[in-house]
J.: 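Mind having a look at this structure? Questions to follow.
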Amino acid sequence: MAQIWLWIGVVSMALGAVFFGFGAHSAKTEGWKKLYTLSFFICLIASALYLAMALGQGQTVVNDRPTVWVRYVTWSLSTPLLLLIFAFLGHTSLTLTSSLLGTNAFMIATGLAAALSPNPINYIWYVVSCAAYLAAVYLLVVPFRREAEHNRPRTQKAFGRLVAIHLILWTAYPIVWILAPTGIDAIGQGSETMFYTILDIASKVGFGFLSLNTYSKVEQIGATANDLKPTAALR
Amino acid sequence: MAQIWLWIGVVSMALGAVFFGFGAHSAKTEGWKKLYTLSFFICLIASALYLAMALGQGQTVVNDRPTVWVRYVTWSLSTPLLLLIFAFLGHTSLTLTSSLLGTNAFMIATGLAAALSPNPINYIWYVVSCAAYLAAVYLLVVPFRREAEHNRPRTQKAFGRLVAIHLILWTAYPIVWILAPTGIDAIGQGSETMFYTILDIASKVGFGFLSLNTYSKVEQIGATANDLKPTAALR
Amino acid sequence: MAQIWLWIGVVSMALGAVFFGFGAHSAKTEGWKKLYTLSFFICLIASALYLAMALGQGQTVVNDRPTVWVRYVTWSLSTPLLLLIFAFLGHTSLTLTSSLLGTNAFMIATGLAAALSPNPINYIWYVVSCAAYLAAVYLLVVPFRREAEHNRPRTQKAFGRLVAIHLILWTAYPIVWILAPTGIDAIGQGSETMFYTILDIASKVGFGFLSLNTYSKVEQIGATANDLKPTAALR
């Protein structure tokens, strides 16, 4: 069953990459080009990850647990691009963007340490990684939203939805982690693969579409705001 | 024989690094400093690679093939600098530069996957890596040249030559790869080393000189263009 | 004994991270936020390194020597941030900042090669790494100080002290390396751990405080300089 889900992952991510790639190619403005390009690379990296896993590569038995270390390699490459989408949409400052990227990298590195460590040391790293996750959530919910709402005052709702959907998806990852063989082993590797694949498709292809939707709102409202200015000047 | 070629690589790259390093040190403008610094680091990284290989390090027998994995490590570090030379010379936009860097990284990562994978899975990764290569070629030949010719309208010829020489050199790499023990094993490891060394010297030291030459043309023509402006203003 | 020093490292770095983290959170200006954030991540990375080492992870016996490879992983991540503090304080140009980062990365990569290589090849890499270290020293002492003093003319003394303290601390690292089991094995692994821990606390937590101190001087003198300008205009 795991095998079928992995090939579903390959095809979905490849289709996502093709869609966003053509979008980047025919984008009219530099902003749209950036957004499509980021989603393209997120899907491209994920498609290579799923291809590797479908070919039976990228995993080793470490401490008697099958460990798919290749997931962490590709997460460390695709999640920064996801955060750059946030930074792009919210016109985030360099310091906050770097803090988000750093916290995210720390979370993935300690998550990999958890996956590779023997029991019970793996739980120490799991707790450290979850703490980094909570820090990333805080950065997105408080300073990121504050900056985004300051920079794009009329799109408050769209940003709230974007952050909320993102957080729901990302919160599911550590839950799958702890239930899977990496943690307490409550679900088998088949279900682990299924859940990760569904989450990956939603948080990469799905999130890509959501970000396009958010940006088109930012642009529309920005355009309206610009249209209003001359009217105001006419008074 | 392979050993001699590796030491030729060490010496050539070290000499290149010394030359470009002194160039960077005594460069008059920030632009020249950038260009020399990029070529310096390209040669420096390559000299460390050749030193490691000459000392018999950086290779392992994977799937009954001797695999020089250290090549991929250093390629992943030196090729982005090469693309930054292109970006610098052509005043390339951030999105296109990032796309080139991303495509290049994807090509090298999947190329490494090909080198480390058992037969016949290695051919799947080889095809993926070649597709990434074709995408990089497209980005250089179409959008990069379009942007470069737009930003530096009078140096069209110089850019055409730069891209052409680069593409001829880079196209030779996958050909050597498929003929070498990594692929169908038509040539031995000795010839593989010789071809890679010659290609590396040409595409690192040689290309460094070519880029200096291109930039001096850009500067000359830029200077002429600036000299013409006041004349035009005098009319 | 080594174990106690490793836990001292964990606690010191974690306390440093908490201090700089709160500083970043409550910083009033973007400049202070940047500086605190950089020190926060330096301490955060180091605290994870010490946690890994205290848990007995991150080391392998290579060529009959116990090699703590995880040190090199975290050094490669924390030292660039340290150099970014320098670049931030001195308003360093992009080319010089990149050269510093590149030289530093080359030094750590060849240092890792030295740690992993069999005797006597490890001494070749040690010499290469020390040459890179000398190049980094040169870049800091000559072009960095020149740029910093040009950009912040009234804080010459503060920068001189910052560079001097940094160089004393960093010079101690290769000395410990050559005396420890990685080199001639004159001191045991216990003393190696003690010296590295003390050096790390001084060069990460201590240096963080020093950089805050330097920046407050830069700001004060900058403020005075700005206060003087209107006076000068009144003449």
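In the text below, chain A, chain B and the rest are named by the order of the sequence lines, each starting its count at 1.
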J.: For atom CD1 of A/Ile4, decide whether the heavy atoms of other residues, nucleotides or ligands shown that lie under 6.0 angstrom number more than 12.
T.: no
J.: Is any side-chain heavy atom of B/Pro118 closer than 4.5 Å to one of A/Gln57?
T.: yes
J.: Write down the atom of B/Thr95, the atom of A/Lys34, and the distance for their closest heavy-atom approach.
T.: OG1-CG, 3.3 Å
J.: Any idea which of A/Leu38, A/Leu51, A/Leu77 has the most non-hydrogen atom pairs under 4.5 angstrom with chain B?
T.: A/Leu51
J.: Tell me, for B/Leu116 versus chain A, whether the close heavy atoms (under 4.5 Å) come from the side chain, the backbone, both or neither.
T.: neither
J.: How about A/Phe41 and B/Ser98: do any of their side-chain heavy atoms sit closer than 4.5 Å?
T.: no
J.: About how many Å separate NZ of A/Lys33 and CG of B/Leu94, when rounded to the nearest 0.5 Å?
T.: 13.0 Å
J.: So for atom OH, which belongs to B/Tyr123, do other residues, nucleotides or ligands contribute more than 12 heavy atoms lying within a distance under 6.0 Å?
T.: yes
J.: Chain B heavy atoms under 4.5 Å from A/Ala24: which part of the residue, side chain, backbone, both or neither?
T.: neither
J.: Between CG of A/Leu44 and OG1 of B/Thr103, what distance do you get to the nearest 0.5 Å?
T.: 7.5 Å
